[in-house]
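Inspection log for the structure reproduced underneath, given as structure tokens.
One is the number of the first residue; the rest follow in order along the sequence. Counting convention: from 1, in listed order, for ligands and their atoms alike.
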Amino acid sequence: MHIDRIVEIRSEIGAGTRGASLGVDAIKIASLKKDKDFFKTIPTIRVKDDNHLLYEPEKTRSAKWIRGLERQFKRSSKAVKKALGNDSTILVVSGDHGSAGGLIAGIKMAHPTAKLGIIWIDAHADLHTPYTTPSGNLHGMPLATALAEDNLDMQQNKPSEETKIYWEKLKLIGRIKPKLDPQNLVFLGLRDYEKEEAHLIEKHNILHWNVPQIRDMGIEEACNRSLAQLADCDLLYVSFDVDSLDPSVSQGTGTPVPDGFQPEEVIQMLRMFTSDKRTRVLEITEINPLLDSGNTMAEVAFDILWEIVDD
Ligand SMILES: [Mn+2]
């Protein structure tokens, strides 16, 4: 793929473990071993973050730092809209996966009438809501904001009034709601999710496979079936959460889960998805060098990226 612009989002207030904001610089440092020009030559937009909130008392238990995340959604959406312009293809490097809701808003703001398809390469479904979350961490909720789902069928929590107000704001960013049709969402590598999320996956019949299922059918077949599912879409966003990788590759991510992909499998998938001309956004997210030994996860992630970008 050819990358016209890079967007850096260092927000980590959506994660439960500290350090994902450092993932952006970790991958830039990893690039020095392979290609010193990569992050130097591609025009880059840096999005301001609200990570200073981590030093303040946290008030909204079922959606932690949601006020900050609402600001983050606004900033990320504006940056993504600007970076995309009419016809650019962009790379987003983000701290935690939470701000992906703002990223989706930005895609819709740039292309309001385009039908968006999302390929979510992740161990997790990220479909929780303040009403269902066991942790209150917003990096487990971005897809629910895009689908405008509360999942009240499976309600476990009673969010505060403040939380409810800001959750509504998150769903409304970009003044388009919902931003995504569940039929246009595909999960690859999904293997760690709760019954509340399973309910949404079943209710909307969302296409999803874990890693052994993908290996059984073959990577190429899984990619072809994913693209067939998204055949009606005009524009694709591929989000690569590094926790989709196997923990034997690296522990440098907030929520590693056994039975994940090997890097060469991700390279094969990303090559297929990014060679589809509709793919306009690739995201790499959740690298956390504080949990790593050395800078392994960022190096693995950059090696993957290096294999799929044009010279
Ligand atoms: Mn994720």
Inset, instruction - Verify whether the ring centers belonging to Phe302 and Phe38 lie closer than 6.0 Å. - result: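 Yes.
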
Legend entry - Shortest-distance N, O or S atom of Asp122 relative to the Mn ion (ligand 1):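 Closest to the Mn ion (ligand 1) among those atoms: OD2.
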
Legend entry - Atom of Asp241 closest to the Mn ion (ligand 1), considering N, O or S atoms: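 Output for this pair reads OD2.
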
Inset, instruction - Could you tell me whether the side chain of Met109 reaches within less than 4.5 Å of the side chain of Arg175, counting heavy atoms only? - result: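 Result no, sub-4.5 Å side-chain heavy-atom pair not found.
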
Taking N, O or S atoms only and a limit of 2.8 Å, check whether [X] reaches the Mn ion (ligand 1).
X	value
His97	yes
Asp243	no
Asp126	yes

Inset, instruction - May I ask you to decide if the ring planes of Tyr237 and Trp120 are parallel, tilted or perpendicular, using 30° and 60° as cut-offs? - result: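 Plane angle over 60°, so perpendicular.
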
Legend entry - Pairs where residues 288-297 contributes a residue and the test side chain to side chain donor-acceptor pair (under 3.5 Å) is met, not counting sequence neighbours: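 Checked against side chain to side chain donor-acceptor pair (under 3.5 Å) - neighbours excluded - the pairs reaching residues 288-297 are Ser250-Asp292.
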
Legend entry - CA sep, side-chain torsions, deciding dist, call: Ser11, Asp50, side-chain contact (heavy atoms from CB on, under 4.5 Å): CA-CA 7 Å; Ser11 176; Asp50 263 310; over 6 Å; no

